[in-house]
Novice: 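The following block contains the structure, expressed as structure tokens.
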Protein chains: 2
Amino acid sequence: MAAHQDPAQRVRRPPTILDVASQAGVSKSTVSNVVRGLPGVSDATRRRVRTAIEQLGYRPNVLARQLVQQRTSILGVVVGDLANPFFAEMAKSVERHAAARGYTAMFCNTEGDSQSELAGVETLLEYRVAGIVFLAFSGESRTMQETLEHQVPVVFLSCKADWGDVVSVDDVRGGRLGTSHLITAGHRRIAYISIPELEDQSDIARWQGYCEALEQARIEPPIRISWSPPSDHALVSGVDRKLLEVFTGPDRATAAFGSNDVAAISLQEFADRVKLRVPQDLSIVGFDDVPMAGLARIGLTTVAQPRDELAKLGIATIADRIERKLKGPPRTTLVGVSLVTRQSTGPPPEGL
Amino acid sequence: MAAHQDPAQRVRRPPTILDVASQAGVSKSTVSNVVRGLPGVSDATRRRVRTAIEQLGYRPNVLARQLVQQRTSILGVVVGDLANPFFAEMAKSVERHAAARGYTAMFCNTEGDSQSELAGVETLLEYRVAGIVFLAFSGESRTMQETLEHQVPVVFLSCKADWGDVVSVDDVRGGRLGTSHLITAGHRRIAYISIPELEDQSDIARWQGYCEALEQARIEPPIRISWSPPSDHALVSGVDRKLLEVFTGPDRATAAFGSNDVAAISLQEFADRVKLRVPQDLSIVGFDDVPMAGLARIGLTTVAQPRDELAKLGIATIADRIERKLKGPPRTTLVGVSLVTRQSTGPPPEGL
DNA sequence: GCAGCAGGTTGGAACGTTACAGGTTTTTCG
DNA sequence: CGAAAAACCTGTAACGTTCCAACCTGCTGC
């Protein structure tokens, strides 16, 4: 009985171009020409081949194709943390724009660990990817540069390195923008907070912008906090001494600039748990403008990155490199940032 | 001068196994054996080959390898929407577990569109992926089944189809669990709300669980809302007539069960905008327990899926299929759900 | 009637690997 | 010491494509 055949098991080998050729009574070259839509095939033959393809359910083997062509259409994408909404959004955009240009994206999650970043890149290179898009870069610059330079085009998208093409927002400007907003509101003690796993060149640039803004306003000294928020929000270890001191101790900071929205939202969460009111007791500015930041309940003031534009430009850049349309030394493309004002910022408490 | 060389441009062809062979003075077979760590190579030779590899920076070409081996170690992953935190988390877990078993994940974002789902799968098949993991499945079951069956192992992870292996939570049970929680709290008018783009078999099962719970409590009739929340949270079109009517009209619903957390949180956002208090005026239960749900400001009561466990099981299942360790007809693995109670649920308003 | 040509078609050589059936050594052992 | 066994190494044939030079056919035009 048919029921005994266990159809889910049988895995038959896919037909090759040769199968199609013999079925259609032509040579493999002709089939290849038809598949690739090249001219120089009579309509009659073309039709014959097409039906043969249809009948057999032939699907070209990209691996074989790319082996002989000496180039793949795979784009490696190195992403810091897919679970971080900013990266998730970027990954999605990148995938879409890559697909639109005929590339297939291959993602590599690194957890901000330069070890697995290197391992991921190694894997991508074994697949002979056409190019690599970094959505996050730990900054192990020398090692990475050595393994990548001359190998494959690279673009740093919304992150930075001192080599390779860069497409990102002006982080320094963004840092200044967010910080000035707080200064203008009257804050004098403003902390800068970042997540160790995500501390990279971008972070440094934002920090620099922050420092510049402070300096311009003659505020000293900058306050830098490196904080790993507990992964399980539900369990913010109520008493995070360092944070408590900065935000409730004597001479406390009345505002914080988060190097990204996740940091900012985590801080907000911390504030909520220790009953610091935002923005009455503590103003918070983030960076990225992840979708969540716009929820009424979060209402995070933040420096927005035009994600889709970045992704589009990034893919365009690397595609042009791959296709040799873009030559010459590494290029840096900066796109504008904008401040989105929401409810997490306000004037400092009276007398501070 | 060196500065004129434009180093970013020169792309030299990577060395092949033959280059290594001649450099080390052995045959390519031996190099291959060394690379793959096979026995039967003397220590001296092994060392010689190793240094040659080192010197040349040789990296095996996976494409060529997989061409001759007739199988790849690429795992296709079809995901509904990378920007949805649930999928993002799952994608991350899947990638990790796949990597741990030696597979490389290739993602395909579908936007819940069965058209691009099919296109994505087509691409994956052209790459001769070893298997396909569906993290979302539109339900175009017949077409997909025809193109996939016999071709490649498939697992539906946290989603459903009537063929292929399934690893998911017991959605019906989850639906009942969430709904009962509301019934127990005293609610009698409970709406079920889902997002059209994500309506699949899982959604149907959850709906079924919801209906069962109502029936058991002798509550009639079920209320189903299909709602596309505006993508830009900031602009919830204040007057979404359908929602307004259901939740503020005569005989209004006092509670809602969201078929997933994104739906639930969007509804909460809607409630916030129209000044419905949660949970005093409206109780909300979600499904998934995305990280965001645990934020103090969101505090969403929700049916939790053990994401990492699901991913692990899913990858195990498909890996066993691929490696022929698992034979026989499609298997369904269900894992438990649990209710996480937070602040979005409470008793209904007096008199309702 | 035949050179020239264009359109259509083809076979073989790559691409970089692995699999495997041999071939050499070297070692073991009676 | 010689033969069998073990250990090591190699050459060749795949894998499924694309690329390209060569090969057919008719047909055109003189």
Novice: Quick one: which of dT10(D), dT9(C), dT17(D) gets closest to the side chain of Thr30(B)?
Specialist: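 Closest of the options to the side chain of Thr30(B): dT10(D).
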Novice: When you measure only distances, ignoring hydrogens and angles, does the side chain of Ser27(B) come within 3.5 Å of the base of dG11(D) through a donor and an acceptor?
Specialist: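 Answer is no: no donor-acceptor pair is held.
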Novice: Can you tell if the side chain of Arg59(A) reaches within under 4.5 Å of the side chain of Gln151(B), non-hydrogen atoms only?
Specialist: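 Heavy-atom side-chain distance check passes, below 4.5 Å.
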Novice: Is there a donor on the side chain of Ser29(B) or the base of dG11(D) sitting less than 3.5 Å from an acceptor on the other?
Specialist: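 Flag set: donor-acceptor pair detected.
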Novice: Kindly indicate, with the supporting measurements, whether the criterion side chain to side chain contact (heavy atoms under 4.5 Å, CB included) is fulfilled by Glu111(B) and Lys92(A).
Specialist: CA-CA 10 Å; Glu111(B) 310 287 339; Lys92(A) 183 176 158 183; 3.1 Å; yes
Novice: Can you tell me how far C1' of dT18(D) sits from CG of Asn61(A), to the nearest Å?
Specialist: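 Going from Asn61(A) (CG) to dT18(D) (C1'), I get 12 Å.
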Novice: Is any side-chain N or O of Lys28(A) under 3.5 Å from a base N or O of dT9(C), one able to act as donor and the other as acceptor?
Specialist: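 Counting by modelled atom types and ignoring angles, no donor-acceptor contact under 3.5 Å is found here.
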Novice: Phe134(A) vs Phe156(A) aromatic rings, parallel, tilted or perpendicular, using cut-offs 30° and 60°?
Specialist: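 Geometry flag for Phe156(A) against Phe134(A): parallel rings.
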Novice: The side chain of Tyr58(A) lies closest to which of these nucleotides: dT17(D), dT17(C), dG16(D)?
Specialist: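 The listed nucleotide nearest to Tyr58(A)'s side chain is dT17(D).
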Novice: Rounded to the Å, how far apart are Arg71(B) CZ and dC15(D) P?
Specialist: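 Whole-Å distance recorded here is 17 Å.
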Novice: Contact class for Thr16(B) vs. all strands (heavy atom < 4.0 Å): base, sugar-phosphate, or nothing?
Specialist: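 Result for Thr16(B) = sugar-phosphate.
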Novice: Please say which of Leu310(B), Val79(B), Val155(B), Val78(B) ends up in a side chain to side chain contact (heavy atoms under 4.5 Å, CB included) with Leu135(B).
Specialist: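 Filter result, single survivor: Val79(B).
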Novice: One pair to check against salt bridge (charged side-chain N to carboxylate O under 4.0 Å, His left out): Lys160(A) and Asp200(A). What are the steps and the verdict?
Specialist: CA-CA 8 Å; Lys160(A) 279 204 182 60; Asp200(A) 57 0; over 6 Å; no
Novice: Specify the residue among Leu67(B) and Arg46(B) whose closest nucleotide of DNA chain D lies further upstream toward the 5′ end.
Specialist: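 Whichever sits nearer the 5' end wins; that is Arg46(B).
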Novice: Please determine, for the side chain of Arg65(A), which listed nucleotide (dG16(C), dT17(D), dT9(C)) has the closest atom?
Specialist: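 So the side chain of Arg65(A) is nearest to dT17(D).
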Novice: Of the options dT10(D), dG16(D), dA19(C), whose atoms approach the side-chain atoms of Gln70(B) most closely?
Specialist: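 Closest nucleotide among those given: dG16(D).
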Novice: Round to the nearest Å and state the distance from Gln66(A) atom CD to dT17(C) atom C1'.
Specialist: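 To the nearest whole Å, that distance equals 16 Å.
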Novice: Please report the distance, rounded to the nearest Å, between CG in Asp19(A) and P in dG16(D).
Specialist: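 After rounding, the gap between these two atoms is 8 Å.
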Novice: Rounding to a whole Å, what distance do you find between Gln69(B):CD and dT17(D):P?
Specialist: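 About 18 Å, once rounded to whole Å.
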Novice: By the 4.0 Å heavy-atom rule, please label Val26(B) as base, sugar-phosphate, or nothing.
Specialist: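 The residue Val26(B) makes sugar-phosphate contact but no base contact.
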Novice: Using a heavy-atom cut-off of under 4.0 Å over every strand shown, decide if Ser42(A) touches base, sugar-phosphate, or nothing.
Specialist: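 Sugar-phosphate, no base atom in range.
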Novice: Send over the distance from Asn33(B) CG to dA19(C) P, rounded to a whole Å.
Specialist: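 So the CG-P distance, Asn33(B) to dA19(C), works out to 9 Å.
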